[in-house]
Structures are given as structure tokens and as C-alpha cells.
Amino acid sequence: MTAVIVGEPGPVHGSLSVADRWWWCLVYVGFVGLGVMGRPMALNLARAGTPLVVWNRTPHRCDPVRAAGAEVAASPAEVFARARTVILMLADESAMDEVLGRGTAAFATRVADRTLVHMGTTSPEYSAGLEDAVRRAGGRYVEAPVSGSRLPAEKGELVGMLAGDQEAVAAVRPLLAPLCRETFDCGTVPGALLMKFSVNLFLITLVTGLAEAFHFAGRHGLDQRLLRDVLDAGPMASAVSRVKAAKLVARDFDVQAGAADVLKNNRLIAQAARKADLASPLLDVCHALYEETVARGYGGEDMVAVVRALQARTERAGS
């Protein structure tokens, strides 16, 4: 999150060189939000040699990042006081506002002369409003959501989508190299979030369809491992289908992308569709299924737990 300063060493891909370390040891990058995605992202930054100061509401989640070389702040205010660029990977808009101190005098103090990098998922309207507020307070803003779940985050293979002032985007892009396999320029805010919504619409319908296929095969007495092998050998195979099919076969609901988070994304995409007067029939069906999944208490499980809602519907239909 180090903002590039003309005439000074800039952030580099991978680990920092010995020659550059003298400068970066004076310039911290801030990272706030060490959840399922945030913690592996912060770990990759720390392991790459980024001078990192982190904060999380639940303190013990900072321990692995501290062990990797990051410093742990006592509060969000300390992160902003020490870092020129701050990445936020937070759950929702209210968490963002609380960390930033929006609506209080603290907001301007925290964001002035800073670059704020919003990597979470919020409504496009919220992001556009935040960009305006940050600019008016004398800061810079980059919208930088990512595509990928926990495993790509751990491997540093996320796909980043960037939007905002081009100078700020150019400064932030190299910093994300330890996190992202590739990054794409999506123009002005909220272009990056809308691009992520487009990607996630495909992801949600894809995984829901995959879960329904396995449910269908199971109810017909087919070997689900054989279904997995047939899919893996065919033209529809993808990194997503291979990972999620293996989880469905094993009934492995350990979270990579949580069902509750998928429901939140689904709601945001549906809202964006309605505001643009777009029909989204597949998304609407998925919305109902993930609502049922979460309502049944499976929100903390992986998104393939949507198969539980399908099973429940089948049982109701047969009763």
C-alpha cells in the first residue's frame, strides 16, 4: 500500500530487494480485516517483504501475520497514522464506515494524504460515495475487488480488478503482485465492483448448477465420483468445477467461499440488476436457494452447501 513517490524506490513484484529495503522500512502499508480472504492476503504481503502494519477486530487472527513479520496495531487509527496506503478487506459497509470513522472528525484525519484501497465487496453506490468523500478529505481512492476464494488467496493467485484515478491505480498495482496472478484496469469507480459482480454472477450460477447436477446424480443412484471424473475429462471442466466437484463428492463443506458471503454478493448483484432494469432469472433462483441454505444454519459453510437446500426441497416435494 505504499504510495509511489517520484524519485523514490517504488513497490516491486515479489520480495523487496536489499537495496530498496532501507526505504520501505520507513514506509508502512496498512491492512485492515483479516477474515477468510484477508488473512492469507496479508500473509502474502508480509512474506514478500512488504513493511506491514495490520489490525483486526478479533486480535488473535493477527497472530500468523505477526509471525510472518507484520506489526500489529492497537486500533484502526494507529494503522492510518503509520501507513501511507491502507488496504481494507472488510465484511460490509458498516464495518468500513466504523474503521474509517465516517461521520466523525476522525475520517478526514485518517484519509488525508493517504491512498485507500477498497478490496472488499460493497454496493457500487457506496464505493462511489466513499471515493468522493476520500477525495474531498484530501486522500486518494482505489477500488480493487478480487475474484477468487480462500485457496487462490493463499497461493497469491487472485484476479484483481482496479478502478479509480489512474495515477493512484498505477501506484497500487505493483503492490498487489504478491496477491494477484493478474490485475485488470476497469476504468472509473465503480467499474471494478460492477466487473466483479459480472464475474460473480457467473460463479454463483455455475456452482449452483454443479451442486444440482450432483444432487440429480445422487438421487438416481449414480456414482458421484464417476460424475466428477466425467466432468473433469470434458470441455466444461474448470478450476472451479474441479475444486467444487471434489468437495461435493467428499461432502466437504469447509469454507473457501462462505454461503453467507455468497448470499451477500447475490443480493448486491440483484440490487444492481434492478437499478439497471435488468432481468436476472438465474440469479434470482440462486438467491432463493442461498437464502434457504443460510436460514438452515449453513451460512458458515462453503458455497457448495447450497446442495443442502436442494436436498431439503426434494424431501419436501416427496413428503
Where [X] and [Y] come nearest, the two heavy atoms and their spacing:
X: A192; Y: M161; answer: CB-O, 3.4 Å
X: R225; Y: V249; answer: CG-CG1, 3.4 Å
X: V54; Y: C62; answer: CG2-SG, 4.3 Å
X: P178; Y: P174; answer: CD-O, 4.3 Å
X: A137; Y: A112; answer: O-CB, 3.3 Å

Given 3.5 Å as the limit, does a donor-acceptor pair link the side chain of [X] with the main chain of [Y], or not?
X: R242; Y: D232; answer: yes
X: S127; Y: P124; answer: no
X: T50; Y: L52; answer: no
X: N56; Y: P59; answer: no
X: D302; Y: Q256; answer: yes
X: K247; Y: D254; answer: yes
X: E143; Y: H118; answer: no
X: Q166; Y: G164; answer: yes
X: R181; Y: G160; answer: no
X: R114; Y: F80; answer: yes

How far does [atom1] of [X] sit from [atom2] of [Y], to the nearest 0.5 angstrom?
X: C286; Y: L203; atom1: SG; atom2: CG; result: 10.0 Å
X: Q224; Y: D229; atom1: CD; atom2: CG; result: 12.0 Å
X: Q311; Y: R296; atom1: CD; atom2: CZ; result: 10.0 Å
X: L227; Y: H220; atom1: CG; atom2: NE2; result: 12.5 Å
X: L278; Y: S280; atom1: CG; atom2: OG; result: 7.5 Å
X: I204; Y: F197; atom1: CD1; atom2: CZ; result: 9.5 Å

Got [X] and [Y] here, is their nearest side-chain heavy-atom distance under 4.5 Å?
X: L130; Y: L100; result: yes
X: L43; Y: E154; result: no
X: M41; Y: L158; result: yes
X: V134; Y: F107; result: yes
X: Y141; Y: T115; result: no
X: K275; Y: E125; result: yes
X: V159; Y: T183; result: no
X: R39; Y: V65; result: yes

task: Apply side chain to side chain donor-acceptor pair (under 3.5 Å) to the pair Y126 and D92, showing each step before the final yes or no.
output: CA-CA 10 Å; Y126 174 85; D92 53 34; over 6 Å; no
message: Walk me through whether V86 and V117 qualify under side chain to side chain contact (heavy atoms under 4.5 Å, CB included).
response: CA-CA 6 Å; V86 179; V117 186; over 6 Å; no
Any side-chain donor near an acceptor of the partner, [X] and [Y], under 3.5 Å:
X: S241; Y: R228; answer: no
X: T122; Y: E93; answer: no
X: H215; Y: T314; answer: yes

field: Joint cluster assignment, L226 & L248, ILVMFWY side-chain distance < 4.5 Å
entry: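 They do not share one cluster, since no chain of ILVMFWY contacts under 4.5 Å joins L226 to L248.
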task: Starting from the C-alpha separation in whole Å, work towards a yes-or-no answer on side chain to side chain contact (heavy atoms under 4.5 Å, CB included) for M119 and V146.
output: CA-CA 7 Å; M119 297 194 76; V146 292; 3.6 Å; yes
- request: Mind jotting down which residue pairs meet the side chain to side chain donor-acceptor pair (under 3.5 Å) criterion with at least one end in residues 185-199? Sequence neighbours excluded, please.
  value: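 For residues 185-199: T121-K196.
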task: Hey, could you give me each pair passing side chain to side chain donor-acceptor pair (under 3.5 Å) that has a residue in residues 257-269? Not counting sequence neighbours.
output: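 Qualifying pairs, neighbours excluded: N200-N265.
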task: Test V304 against L210 for side chain to side chain contact (heavy atoms under 4.5 Å, CB included), laying out the working first.
output: CA-CA 9 Å; V304 296; L210 185 69; 6.0 Å; no
field: Salt bridge present between E98 and R57 (N-O < 4.0 angstrom)
entry: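 R57 and E98: salt-bridged.
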message: Applying side chain to side chain contact (heavy atoms under 4.5 Å, CB included) to F214 and V307, what does each step give before you reach the verdict?
response: CA-CA 8 Å; F214 274 83; V307 74; 5.7 Å; no
- request: Establish, yes or no, whether the cationic atom of R308 lies under 6.0 Å from the six-membered ring centre of F253 and within 45° of the ring axis.
  value: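 Here R308 passes the 6.0 Å and 45° test against F253.
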query: Got a sec, which pairs hit salt bridge (charged side-chain N to carboxylate O under 4.0 Å, His left out) with one end in residues 61-71, sequence neighbours left out?
result: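 For residues 61-71, and leaving out neighbouring residues, the salt bridge (charged side-chain N to carboxylate O under 4.0 Å, His left out) pairs sorted by first residue read D63-R66, E71-R82.
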